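All heavy atoms count here, side chains included; hydrogens, waters and symmetry mates do not. Keep in mind that what you see is a predicted model, and the values were worked out from it rather than measured.
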Amino acid sequence: MRKFLLLILVLLAFPFFSKTLLLYKGSEGGYGYNILSWLAPELEVLGEDYEFVDVEKSLPDFEDYDFVITCYYSSSMPGAKKYLKKLVDFLLNGGKLFIINNLGAFEDSSGDNPSLSDINYLYLLGVSFRYGWRQETVFSYEIEDGYLIKLPSLPVKKAFDGFEVFSSNVKIVSYAVTEKGKHPVIFYGPFGGMALFDHAFNENGKPVVDLRKIVKDIVVGYRENKVLMLGENHHIRKIFEYALFEVDSSRSGVLQKYRAIVIPNVSFLEEKEIKSYLENGGVVILVGSGAHYIRGEVVLEKENLYIPQDITVGERKVGYIPAPENAKAFITINGTPVSWMEKREKGAFVFFPEDLLGKWSRGILFNEFLEASDFVISPMVNAFSVFLDDFPLPAYGIEYDILGTTDEIFYYKIWWRDMKELCEDFSIKPITALVTSYEQKTNYDGFFEFLQKSSSIKILKNLIEDEGVDTGIHGYNHVPPKSENWDLEELGKAYKSLRIFLSQLSSSYEPVAFVAPNNEIDQSGIEVLKSVFPTIKVIGTAYSLEDSTGEFTLLDDVLILPRTTSGCYPLQRLLMETVSTLLNLGTYHHFSHPDDVISLDRNPERYSWNEMFDQLRSFFRIMKENYPWLRNMDSKELYNTFKDYFENKPRILYHDKKIVIVLPRTAELPRYFFLKAKGDVNVHGGVILFRDKDLCVVEMRKYKMEISEVIEDGR
């Protein structure tokens, strides 16, 4: 009697499951049925429906199933050829197959036996079969960590068959070591596998290897960065999409494939599948309200968030669910936790009040997700920039009491001196944004306003020639380039005049950065801008905008780069606005203006420039000390980095206690990631740049990187 072990790999990438078929032979006295019954509880944990069928009584329609597990002792089957053909069709249509013991269809009781070619149609996707059943003495086993239950008594004579695994996608769970070498005897790929009974069970019929774990891995597939969002929410979608997670908005298949499930109300926790997902290691995030309300100062708690200090956000009224006694507090009001995390069985439950959900809090919610996870990696950009918006700018010789001098002297003798020194101290290459006029005219009106003070043109010439400064433009004037504001032909004329004006200063100057006046621009404005300045690659807007120009995106080969924070104070606001994107996709972009100090809305407390500048310096010092891994970039670097980030996405696969990250060969190295890991990890193909408690920043230096948890017993 042949005993055969094989691996089946299928062509489709990630099929979703709904029902599993458990096939056995009734003539074998409960042999296969009993083993399959031992596996069935794992399917229940996964929320997978299943059905037992005696293959000798009826051959079911495989189209009704997504996963088939077979367990046969004998090699003979009525209608063996027909059975093999149905399995081939099942696999080619995206199904998965796990075979325990042997194929069970080498011989047909009618005598119409399958040929070797018939059998290899089925095995062509990962295994090549040749006849050659034999017995050899096994001296030892090499079994993957996490799968061993109990080794059999050794040495022992075991059965082998004539097959070879040729697929590189195979995970070998167990090798049997004989005099003739190492033989894979239990293994699987992302879409199927096999286990020879002689090697999966001992002489008493007790399991040696955890087949339940293999079944779970096959059902779930190689887990990737996927999130299930039950109930559409723009902010939640953007949070995970920025981190290159795939977001599903409808259920399809087992829940264990998701890194998190986001629910809109507590009633979802009563569902059997979600409850099982949470208890077995999943992260469930409830973004909703509660019956309790509180008003007061919102505080982001440093103890459990990746922030440099407690950050006050302002007064809010919030509906919340009271935190359990053992919960971790992320956000509090008057000392009361209103966003928190509680461990439940093997998983974690996070509550986040919908009253606090907005752009400013996206990074906080993503940080909470990372904190709730045991072992997860998230891509991030790792870039920041500093824009000197409205600089150079027209000066009018007006004296301001708060300055103690004229605007011209302040802009070009004091403000520029201090900002240049600040940037040098923190190794920052500033990006400027020239504005030549504040006249609200929508037609070309010359450059007299900019040229009336010699300091403006002198600084502009110097900036264009200064390699330590990235000189960009802010438009012809401060009217937003939108079709509702401009006749597009007039807008084109104004831009052409600006191009000619700049060419008088430098024949080689080609701007790369454009900051939209008043942070607003539309598709028409972008098209006119690019027609005159084709070298523009970055358009600065504002993260506070609620349209598409308020999001980080590539649009017509231009990077839309929203500013995340601006001004000089208060420090708490600067930190709060910065972490909104820093904790999500590892980036922030600060804008300062020469006239901040004389602006009533940007300096309502009427601080002096020295007071404002001290807070701004403190902000950059805190950012440098707490996030030393952040890379400063000019406009060309920003464009290239974001373009590569969005267009060359890594593939992330989760194995047992190991994460494998693979980048396309078109991607630029290095790449960067947030890694949440409770204990020590080994990194191959990269390095850990920074660690704060359980959160690491990882630099990927090769196109394939593996990160594995260090097992405490040293195995």
Side-chain angles (χ1 to χ4, degrees), residues 5-10 12-22 35-36 38-48 50 65-71 91 94-100 125-127 142-149 165 167-175 184-196 199-200 207-226 252-259 273 276-277 279-282 346-347 374-377 651-662 706-709 711:
L5 185 63
L6 60 97
L7 172 71
I8 298 298
L9 300 176
V10 296
L12 296 184
F14 285 92
F16 297 112
F17 285 40
S18 60
K19 195 171 185 180
T20 294
L21 175 62
L22 304 171
I35 292 175
L36 295 173
W38 175 69
L39 294 175
E42 186 61 40
L43 296 171
E44 293 176 2
V45 169
L46 295 169
E48 181 82 351
Y50 60 89
Y65 305 92
D66 299 278
F67 188 27
V68 173
I69 307 177
T70 71
C71 188
L91 293 168
K96 295 188 182 183
L97 175 66
F98 185 51
I99 295 175
I100 301 172
L125 298 177
V127 173
E142 295 179 6
I143 299 176
E144 180 86 5
D145 286 332
Y147 290 87
L148 174 65
I149 295 177
V165 177
S167 171
S168 61
N169 294 322
V170 169
K171 176 173 182 174
I172 309 298
V173 174
S174 177
Y175 287 98
V185 291
I186 302 173
F187 46 89
Y188 68 97
F191 316 111
M194 60 181 181
L196 179 62
H199 302 272
V208 172
V209 168
D210 191 350
L211 298 185
R212 288 182 175 181
K213 178 175 174 55
I214 294 175
V215 166
K216 174 185 175 182
D217 291 347
I218 295 173
V219 170
V220 175
Y222 285 152
R223 297 179 72 186
E224 296 187 275
N225 278 359
K226 292 185 178 181
S252 180
V254 297
L255 298 181
Q256 274 72 12
K257 67 190 175 190
Y258 296 110
R259 306 304 308 173
E273 293 81 3
S276 175
Y277 167 84
E279 292 173 351
N280 286 279
K346 297 179 181 178
D374 287 335
F375 190 44
V376 66
I377 196 163
R651 179 143 187 233
I652 298 172
L653 302 176
Y654 289 84
H655 304 263
D656 186 50
K657 299 185 181 298
K658 183 171 70 175
I659 305 173
V660 178
I661 304 99
V662 180
E706 294 186 2
I707 300 174
S708 55
E709 293 183 289
I711 301 173

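Here Asn225 contributes atom CG and Tyr258 contributes atom OH; the two are 13.5 Å apart, rounded to the nearest 0.5 Å. Between Ile69 atom CD1 and Ile214 atom CD1 the span is 11.0 Å, to the nearest 0.5 Å. With values rounded to the nearest 0.5 angstrom, Ile707 atom CD1 is found 4.0 Å from Ile661 atom CD1. Atom-to-atom distance recorded for Ile659:CD1 and Leu653:CG is 10.5 Å, nearest 0.5 angstrom. For the atom pair Thr70 OG1 and Leu21 CG, the distance stands at 9.5 Å (nearest 0.5 Å). Atom OH in Tyr147 sits 11.0 Å away from atom CG in Leu211 (nearest 0.5 Å).
Here the closest heavy-atom approach between residue Val660 and residue Glu706 is recorded as CG2-CG, 4.0 Å. Nearest heavy atoms, Asp217 versus Tyr188: OD2-OH, 2.6 Å. Heavy atoms only, all atoms of each residue included: Lys346 and Asp374 are closest at O-OD2, 4.1 Å. Closest non-hydrogen pair, Ile218 versus Gly189, comes out as CG1-O, 4.4 Å.
Phe187 is not listed as a side-chain neighbour of Tyr175, based on a closest heavy-atom distance of 4.5 Å or more. Residues Glu44 and Ser276 fail the side-chain proximity criterion, which asks for heavy atoms closer than 4.5 Å. Looking at heavy atoms from C-beta onward, Leu22 lies out of side-chain contact with Leu39 at the 4.5 angstrom threshold. Contact of the Ile143 side chain with the Val208 side chain is registered, since non-hydrogen atoms from C-beta on lie closer than 4.5 Å.
Only one option out of Glu48, Lys216, Lys213 pairs with Glu42 in a side-chain contact (heavy atoms from CB on, under 4.5 Å); it is Lys216.
Side-chain N or O atoms of Tyr654 include none that pairs as donor or acceptor with a backbone N or O of Arg259 at under 3.5 Å. Not one N or O on the side chain of Arg651 forms a donor-acceptor pair closer than 3.5 Å with the backbone of Glu224. With hydrogens and angles disregarded, no donor-acceptor distance shorter than 3.5 Å links the side chain of Asp210 to the backbone of Ile149.
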Handout entry: CA sep, side-chain torsions, deciding dist, call: Phe67, Tyr50, side-chain contact (heavy atoms from CB on, under 4.5 Å)
Key = CA-CA 9 Å; Phe67 188 27; Tyr50 60 89; over 6 Å; no
